[in-house]
Amino acid sequence: MSLTLAEKIIQAHLISGKMQIGEKIGLRIDQTLIQDATGTMAWLQFEALGVSRVKNELAVSYIDHNTLQCGFENADDHQFLQDMAAKYGAYFSRLGNGICHQVHLERFGQPGKTLLGSDSHTPTGGGLGMLAMGAGGLDVALAMAGEPFYLNMPKVMGVKLTGSLSPWVTAMDVILALLGRLTVKGGVDCVMEYFGEGVKKLSVPHRATITNMGAELGATGSVFPSDEITQEFLQAQGRSDVWRELSADEGCNYSQVIELNLSELEPMIARPHSPDNVCPVKNVAGTKVDQVLIGSCTNSSYELLSAVAQIVKGRTVHPLVSLSIAPGSRQVLNMLAQNNELDHLISTGARILESACGPCIGMGQSPSSAGNSLRTFNRNFPGRSGTKDANVYLVSPLVAIASALTGMITDPRDLGQPPVLPKVERFLINDNMVIPPQHEKCHSRSDVERESGFNSLQNRSPITAFGDDVQVRRGPNIQPLPLGQPLPEKLTGKVLIKVGDNISTDHILPAGAEVLPLRSNIPAISRYVFAQVDKEFSKRAQKWGGGFIVGGVNYGQGSSREHAALAPMYLGIRAVITKSFARIHQANLVNFGILPLCFADPQDYDKLSQGDDLELTWDNGASGLKLLVKNKQLEIKLTPQLSARDKELVEAGGTLAWVKGAAAGLIII
Ligand code: MIC
Ligand code: SF4
């Protein structure tokens with residue numbers, strides 16, 4: 001039978017279930033990544049599993065999100081993360097080395113492998129022909145313990161690319177055009193698979209921009225074939241030994257095929273406040289710009305920043321614009337420095353930021369009140385920038401820099417001569433900011449290195465202890481992990497809040513400089529649940545002794561942060577009732593023992609209001625659950641969004657509670 005590339009990778013990793021759309025499948029996970037903002041919880045959960053060392057092929061723990069150190073919290077967390085990586089045998093990418101997705105693409109990714117990351121933009125790895133997926137920290141901790149990753153067998157949507165990009169048009173315009181067409185729900189339950197002649201015209205960094213923002217389509221993953229372009233990229237990274245050719249079979253079946261002619265694309269822009277609010281740049285050209293930010297895991301490759309440096313050479317940023325640039329990794333920054341391009345960026349007036357997520361997650365650089373901020377990032381949900389009334393636009397680095405020079409949104413084609421995007425023969429390879437696992441009993445180090453093509457013998461940093469010899473430093477910010485309670489037969493409580501469609505995890509639990517440092521402290525972070533939407537939510541939840549959340553379509557889109565489920569669990573929420581859920585958030589709710597329920601008839605959404613008194617009899621999770629709205633004397637039918645396995649997990653009070661209680665123990669593969 002002819003298979004798509006995604007199906008081939010799934011088949012090669014299938015542990016349980018059938019490859020039938022919607023069926024629960026269990027996949028063997030080769031590589032994992034965690035970052036600091038989700039990693040503290042992931043490590044605490046890994047520890048709670050009682051496993052002595054990391055068991056998957058390659059695990060990397062990155063520091064890239066919580067980089068502002070305005071108090072002891074983040075620095076404490078960094079020490080904890082480093083010690084846990086040493087103790088359990090993970091690679092540790094130190095602060096300053098770069099954004100997890102960019103570094104992983106450069107130094108660790110491998111065609112044909114599965115990668116699970118506790119960050120929603122993990123699908124970036126699909127640019128190298130990986131099946132790379134985002135998940136909650138607990139799912140990644142389980143994968144690090146050698147457990148399968150469970151998901152519903154996705155549909156595979158084919159995206160046929162023809163033609164080639166015109167000057168001044170980049171991969172960002174490709175994915176923005178797709179978002180405009182498909183919306184933030186368009187990829188839900190799908191892997192987006194790219195094929196066609198146009199693919200050959202896109203470099204790996206370009207491909208990675210597209211797979212990165214597949215997350216904004218709601219897709220489970222996005223994948224490009226692994227071809228000679230992939231081979232050249234890996235060769236330039238000194239990792240040609242991990243290359244293998246991969247593509248879909250001739251005549252394979254996609255659930256749907258979309259065609260996109262790259263030659264017809266023009267510079268695009270996503271307007272406030274959603275990545276799918278897209279139009280051509282020329283439609284909004286002339287709009288005043290206050291701030292321009294270039295960076296993030298989406299658009300900060302050497303290729304793109306070198307082009308930006310060419311454009312600004314000899315020019316000065318507009319006097320009314322604040323321009324900041326964060327190279328995606330230290331490799332990119334080093335190369336810009338080596339090739340004198342950093343000089344042009346500095347001379348033009350750019351503020352050079354460290355290689356980290358930074359402003360993308362509200363860690364500094366918040367715009368002015370009601371300011372217009374142009375960003376090369378992937379999300380512009382309200383409030384994410386740190387300024388509630390700011391207008392955030394998403395654009396390619398070429399649109400961003402053209403606008404920074406003119407002070408208004410500018411179609412870069414107006415600048416005339418386009419830059420040349422460099423083809424790199426050899427990247428600057430220096431892995432001295434990655435500490436490899438020292439655990440001798442872990443897979444022999446050389447095996448891991450050979451497997452990953454990781455060149456850690458160069459400039460290896462010394463560390464002194466591993467395994468049980470590591471004294472894990474736990475500052476006061478590392479609070480114990482709360483565990484869920486078994487599901488009672490009857491759930492009662494009030495509707496604590498009713499929200500609309502496309503509520504993101506940024507709405508449910510904001511990030512930013514004030515809240516992010518509390519990621520390892522659930523009691524403290526739970527005070528911020530829905531803080532952007534309703535400041536009183538957390539107090540109300542405590543006063544009313546927990547209750548229910550009601551939402552619309554695509555509830556929980558965006559990030560993988562499991563804190564958006566964990567903190568509500570801590571506040572006593574046992575069920576969320578919506579029209580539909582985003583994949584990762586739904587799985588996170590199950591992991592923490594919260595029932596994800598959908599209205600059997602979406603119109604019943606209109607019948608519920610904040611403060612309604614609800615009663616739900618669990619009735620063994622019968623498919624047609626009845627919700628009693630006591631104060632309105634109404635009955636509403638609900639459908640639990642649970643597989644047989646999920647049901648067991650929720651009934652036990654969540655996955656950790658289940659694992660701890662499961663007599664059978666872990667299914668180590
Ligand atoms: C994001 O872009 O929203 C984040 C911050 O990277 C999150 C992870 C987190 O909240 O820690 C994500 O995308 O999953
Ligand atoms: Fe970091 Fe932004 Fe990428 Fe999330 S989207 S990983 S915050 S750079």
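Worth knowing before you read on, the calculation uses all heavy atoms, side chains too, and leaves out hydrogens, waters and symmetry mates. Order of appearance sets the numbers: ligands from 1, and atoms from 1 within every ligand.
In this structure, atom 9 (C) of ligand 1 lies nearest to the protein heavy atom R519 NH1, 3.5 Å. The shortest contact between atom 13 (O) of ligand 1 and any protein heavy atom is with S120 OG, 2.5 Å. Summary of contacts: the protein heavy atom closest to atom 10 (O) of ligand 1 is R561 NE, 2.6 Å. In this structure, atom 5 (S) of ligand 2 lies nearest to the protein heavy atom N378 ND2, 3.2 Å.
N277 places no side-chain N or O within donor-acceptor distance of the main-chain N or O of S274, the cut-off being under 3.5 Å. Between the side chain of T298 and the backbone N or O of T209 there is no donor-acceptor pair closer than 3.5 Å. Using a distance-only test at 3.5 Å, with no hydrogens or angles considered, no donor-acceptor pair links the side chain of N299 to the main chain of S396. When atom types are taken as modelled, the side chain of K113 and the backbone of G129 share no donor-acceptor pair closer than 3.5 angstrom. In this structure, the side chain of H563 engages the main chain of R519 through a donor-acceptor pair within 3.5 Å. The main-chain N or O of Q641 is found under 3.5 Å from a side-chain atom of Q586 such that the two form a donor-acceptor pair. Distance alone, capped at 3.5 Å, is enough to place a donor-acceptor pair between the N66 side chain and the L516 backbone.
The proximity of I361 to ligand 1, defined as any non-hydrogen pair under 4.0 Å, is limited to the side chain. At a heavy-atom cutoff of 4.0 Å, ligand 1 is contacted by no atom of H101, backbone or side chain.
Remark: R181 does not engage D276 in a salt bridge, criterion side-chain N to carboxylate O under 4.0 Å. The existence of a salt bridge linking E47 and R474 is confirmed by a sub-4.0 Å separation between a basic side-chain nitrogen and an acidic carboxylate oxygen.
For ligand 1, the polar-atom distance check finds an N/O of S560 within less than 3.5 Å of one of the ligand's N/O atoms. The shortest N or O to N or O distance between S118 and ligand 1 is not below 3.5 Å.
Checked against N554 for a side-chain contact (heavy atoms from CB on, under 4.5 Å), the options D501, T183, N502 give a single hit: N502.
Near R384, the atoms of ligand 1 lying under 4.0 angstrom from a non-hydrogen atom of the residue are 1 (C), 2 (O), 3 (O). With ligand atoms numbered from 1 in the order given, ligand 1 contributes 4 (C), 5 (C), 6 (O) to contacts under 4.0 Å with heavy atoms of H65. For ligand 1, the atoms sitting less than 4.0 Å from at least one non-hydrogen atom of T38 are 9 (C), 11 (O), numbered in the order shown with element in parentheses. Short contacts between ligand 1 and A37, defined as distances under 4.0 Å to a heavy atom of the residue, involve ligand atoms 11 (O). Every atom of ligand 1 is numbered from 1 in the order shown, and the set under 4.0 Å from a heavy atom of D119 is 4 (C), 6 (O), 7 (C), 8 (C), 12 (C), 13 (O), 14 (O). Ligand-side atoms of ligand 1 in range of H121: 13 (O), range being under 4.0 angstrom from any heavy atom.
For H563, the closest heavy-atom approach to ligand 1 does not fall below 4.0 Å.
Listed by chain and number, the protein N, O or S atoms at a distance under 2.8 Å from atom 1 (Fe) of ligand 2 are C357 SG.
For the residue pair N212 / H101, no side-chain donor-acceptor distance below 3.5 Å is found, with atom types taken as modelled.
The closest side-chain heavy-atom distance from T38 to E562 is not below 4.5 Å. Between M130 and T114, the closest side-chain pair of non-hydrogen atoms is not below 4.5 Å.
Checking A511, G117, S559, S296 against atom 12 (C) of ligand 1, the nearest heavy atom belongs to S559.
For Q69, the CD atom counts as densely surrounded, since its 6.0 Å shell holds more than 12 non-hydrogen atoms of other residues, nucleotides or ligands.
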